[in-house]
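Basis for what follows: all heavy atoms, side chains included, without hydrogens, waters or symmetry-related copies. No experiment lies behind these values; they were computed from the predicted model shown.
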Amino acid sequence: MATVMGVIAGILLGFLLIAAAGIVTGVLIVRALYRSIWRNRTVRGVALRTRAAVTYGPQHQVLRLRLRLADSLESGRAAIQLAQHGAGPHGEVARLFRSIQAEAATVESQLRLLQSETDATVLATEIPVVRDRVEQVEGLVRSLRSAVAFGLGGPSDDTLAALRADVDREVAALHAGVQELHTLHSFDAGQAPRRQNTTHLTRGNES
């Protein structure tokens with residue numbers, strides 16, 4: 001009897017261990033998925049915009065500043081990607097943007113700290129200071145984007161005018177070709193009844 005009870009206890013213990021391992025594995029998978037999703041900038045941006053839309057007062061101001069900072073950095077990333085894939089010189093733009101990102105991370109930490117602040121006096125004092133830092137980051141990113149645009153070497157007015165002239169010539173040639181085809185078709189359609197009349201007259205004379 002004791003042996004049977006020991007076997008049953010061992011089986012139950014095995015089931016419990018398997019269930020516990022399954023629960024732990026499931027929790028780890030869910031946490032990994034959550035972290036992976038939260039690392040996505042698009043998801044974070046949507047969550048931040050949603051929170052900013054439903055808050056008010058100083059917290060709303062802080063969230064709006066976080067949004068401005070995130071949008072500015074995103075535009076900087078887009079410019080750096082274009083610079084890296086473009087034919088123009090890359091220069092030091094990538095290194096400069098990494099420096100801007102490092103400073104922006106500090107500003108973001110300050111904004112997160114203010115987001116949890118409840119003292120109205122502290123908020124009234126610190127929000128203008130952090131807003132000025134956000135504006136400085138935005139200005140740096142704008143300057144960086146201007147440098148990237150200059151390096152890409154956009155088309156000049158003369159180049160665009162020359163392309164327009166080429167396009168106009170091609171369109172005019174195509175239009176002339178279509179008109180010529182229409183003329184030929186009209187001529188062929190007019191010649192067909194004349195051939196038929198000539199055939200009838202010929203047969204009448206033979207008879």
Side-chain angles (χ1 to χ4, degrees), residues 17-156:
L17 290 175
I18 293 172
I23 293 172
V24 171
T25 302
V27 170
L28 291 176
I29 291 174
V30 170
R31 287 182 63 185
L33 288 173
Y34 175 79
R35 289 178 179 176
S36 176
I37 293 172
W38 190 247
R39 288 193 189 101
N40 187 287
R41 288 193 296 268
T42 303
V43 174
R44 290 204 307 269
V46 171
L48 196 58
R49 292 179 194 281
T50 302
R51 293 176 63 185
V54 298
T55 57
Y56 57 91
Q59 302 302 324
H60 175 75
Q61 298 179 47
V62 173
L63 288 171
R64 291 298 303 174
L65 288 173
R66 288 186 62 192
L67 274 174
R68 286 174 55 183
L69 186 65
D71 289 343
S72 181
L73 291 176
E74 190 62 31
S75 69
R77 290 188 193 95
I80 295 302
Q81 289 177 357
L82 285 175
Q84 291 174 344
H85 292 88
H90 300 164
E92 293 293 313
V93 290
R95 182 187 64 79
L96 289 173
F97 184 64
R98 285 194 295 270
S99 299
I100 293 173
Q101 282 182 306
E103 294 302 320
T106 302
V107 178
E108 170 69 9
S109 298
Q110 294 170 346
L111 287 168
R112 285 177 176 272
L113 183 62
L114 281 178
Q115 194 173 325
S116 61
E117 181 61 61
T118 56
D119 191 326
T121 303
V122 173
L123 288 169
T125 303
E126 293 298 325
I127 286 179
V129 176
V130 183
R131 181 185 294 112
D132 180 68
R133 291 170 184 163
V134 171
E135 290 173 353
Q136 290 185 53
V137 172
E138 290 175 331
L140 290 170
V141 172
R142 281 195 298 269
S143 298
L144 189 69
R145 286 176 60 87
S146 297
V148 171
F150 181 79
L152 292 175
S156 65

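The structure places CG of Leu113 at 11.5 Å from CD of Glu108, a figure rounded to the nearest 0.5 Å. Annotation: the span from Arg64 atom CZ to Thr55 atom OG1 amounts to 9.5 Å, rounded to 0.5 Å. Expressed to the nearest 0.5 Å, how far CG of Leu111 lies from CZ of Arg66 amounts to 7.0 Å. Residue Ile127 holds its CD1 atom at 6.0 Å from CG of Leu114, rounded to the nearest 0.5 Å. Separating the CD atom in Gln61 from the CG atom in Leu63 is a distance of 10.5 Å, to the nearest 0.5 Å.
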Got a list of side-chain donor-acceptor pairs under 3.5 Å for residues 134-141, not counting sequence neighbours?
| unit_1 | atom_1 | unit_2 | atom_2 | d |
| --- | --- | --- | --- | --- |
| Gln136 | NE2 | Asp132 | OD2 | 2.9 |
| Glu138 | OE1 | Arg68 | NH2 | 2.8 |
| Glu138 | OE2 | Arg68 | NE | 3.1 |

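When all heavy atoms of Phe97 and Leu73 are compared, the pair lying nearest together is CZ-O, 3.4 Å. Of all the heavy atoms in Ile80 and Val93, the pair that sits closest is CD1-O, 3.6 Å. When all heavy atoms are compared, the tightest approach of Arg131 to Leu65 is CG-CD2, 3.7 Å. Nearest approach of Pro58 to Leu123, heavy atoms of both residues: CB-CD1, 3.6 Å. Closest heavy-atom contact between Val129 and Thr125: CG2-O, 3.5 Å.
Residues passing the side chain to side chain contact (heavy atoms under 4.5 Å, CB included) test with Glu103, sequence neighbours excluded: none. Under the side chain to side chain contact (heavy atoms under 4.5 Å, CB included) criterion, Ala79 pairs with Arg145, Val148, sequence neighbours left out.
Formation of a donor-acceptor pair under 3.5 Å by the Gln59 side chain with backbone atoms of Glu117 is found in this model. Panel note: side chain Ser72, backbone Leu69; no donor-acceptor pair is recorded below 3.5 Å.
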